[in-house]
A.B. asks: 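This is the structure, below, for whatever I ask next.
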Amino acid sequence: MLNQVPVLNHIQLPLIQIVNKDDELLSNNRDAQWYSILKNFPWEDYRELAVSYYNALYDFNISKQLKEDTIENKETKDEGRQRLLFNRATMDKSISVLHEMKSKQIAVPLVSPQSVSPGVVPKRLGGKRPKDFYALFKSFTGACLMGFAPEPEVVHNLLSSNLSFARVCGFIPNNSDEKYWYRSIPSLRKIEQFDQIMTKYGLWSRNKWEEVRRNIEQGIIKKENELVGDTTHYHAYSGFETVAYTDPKGKEKKKSQSKITKNCRCEDQENCSHPWDLADDGAGTIVKSNGKMIWGHKASVLGLPRQGVALDATAVTDAATFDGETLLPHVEMLFENLPEVKPWIGRVLYDSACDNGKLKDTFMDRFGIELKASFNPRRRKSVTQNLPTGMAKITASGNLICIGGFEMDYKGARFDFDKFIYQAPLDENKVSVCSGCLHKLTCSPQSTKGRAVTLSFDMLPSIEPDDPPMAKRFKAIMMRRPSVERMIKRLKRDLSDDRLRKRGNDSFQAYLDKTLIAYHMLLRS
Ligand SMILES: [Zn+2]
């Protein structure tokens, strides 16, 4: 009987080599990159992770049998709702802005690294032999590599319907009899359990950082002196309710919040002693720049703009958090996990959400990093009154337009006179646009090099004369900022899906981690 194959501590050489024609075709197909990545998977690099997984599985199996303490709780549903509202990161400033996973620690590690390799699972776990870590791990990253959401139902579907995929992951397609065999394709429940253990014990996260580090060590990610950041949203798999509350100043307010629930199976949940919890912690209302509102989860993304490489994506504790608040803690977290990157970085780019003098000072004081944010005009209007002759308007970002419709070139500032200097641009023949302009006679009849204009600093009070947004240097640096949007597109659309299938921030963080693992494997291939 097959399920009584003796446990081997070394790798059994295959006695029969079965060649599947489809698999061979996939091997040679450039579009099926997922196949060659999974086939040439460097399993030795993942040995530590495999060992941690089997230890976690053992720990999980024991702790499942232990009863949870019941906490006496007399809270009504509405009291629970209010308590949870005031515990959100957008209500309580002492709560960290970025989601912190409380990873479960393993009590007694039992598995030795020598006892694991693909197809060889440790024997000390008691009961049935566990499913192979490598095969399960490859199934999840493989789903992402093919562009599917790395979630259990999807993985189960792929394994059952795509035999080449199942084989390259390391499973042996099932026979019709339903007896458990550790090499056969696992049930949905086993796949869910694997994902749950990898999430709860922080193994997805740990591996994510290792993938990035590996790419740095192998020179696939090169040194770069800038970081770029942004946030992005994913649609939540939950509904919300509007909760009315009284703020500390006594004002009546409303806020959308996840519905609340209890994680128990008691019949009378309204009155049992278990605590109320948010059904989807972390979800919140995200307001887009066009005013559109989305019920979702928010992630902060950091990357290297010149190479266009994402380094991390982290869940924001409460999706309703303002974008400007996530950058500082995220850069801090990145440097903690990838200290080798810290000395590279001299500047960080962000959109106008971080155009804030205090935040810029904090970056400089704490890390010696210049924070460069797109200019936020703060709803200022263009200036059209009291302008120098021939000028039509100055935009809120300091761009000067003349009555001939040309945008003047910004040349610099004269600090001894507190003035900005502009000059008419040249046309494609390197001749001043003024030479052919109808307004030349009234505007600058004497000029030979075209109209020159100076504007007092006072006319543009919101602009920092040291670092004005209309300067070429500023514009050239900010040209690199949108590269973060391409990173986000890659993570959200090419490698997964922006509609979540699970609730809660732990699952959301795991989702981001799984996507990043696949992303960094692809960079290597
Ligand atoms: Zn209960």
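We're numbering straight along the sequence, starting at 1. Since the model is a prediction, treat every value here as computed from it, not as a measurement. Every number for a ligand or one of its atoms is a count from 1 in the order of the listing. Hydrogens, waters and symmetry mates play no part in the numbers below; they use all other heavy atoms, side chains included.
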A.B. asks: Which one of Trp204, Tyr201, Phe194 satisfies the ring pair (Phe, Tyr, Trp, His ring centres under 6.0 Å) criterion with Tyr53?
C.D. replies: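 The option that passes is Phe194.
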A.B. asks: Are there more than 12 heavy atoms of other residues, nucleotides or ligands under 6.0 Å from atom NZ of Lys200?
C.D. replies: no
A.B. asks: So if I apply the side chain to side chain contact (heavy atoms under 4.5 Å, CB included) rule between Thr314 and each of Leu98, Thr326, Val301, which one comes out positive?
C.D. replies: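 Among Leu98, Thr326, Val301, the one that satisfies the side chain to side chain contact (heavy atoms under 4.5 Å, CB included) with Thr314 is Leu98.
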A.B. asks: Determine, for Tyr234 and Lys492, whether the Lys NZ or Arg CZ falls below 6.0 Å from the six-membered ring centre while staying within 45 degrees of the axis.
C.D. replies: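 Ring-cation test returns yes.
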A.B. asks: Both conditions, 6.0 Å and 45 degrees, for the charged tip of Arg214 above the ring of Tyr46: are they met here?
C.D. replies: yes
A.B. asks: Side chain to side chain contact (heavy atoms under 4.5 Å, CB included) with His297: which of Asp318, Asp498, Asp280?
C.D. replies: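 Between His297 and the candidates, side chain to side chain contact (heavy atoms under 4.5 Å, CB included) is satisfied uniquely by Asp280.
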A.B. asks: Suppose the cut-off is 2.8 Å; which protein N/O/S atoms would you list for the Zn ion (ligand 1)?
C.D. replies: Cys264 SG, Cys266 SG, Cys272 SG, His274 ND1
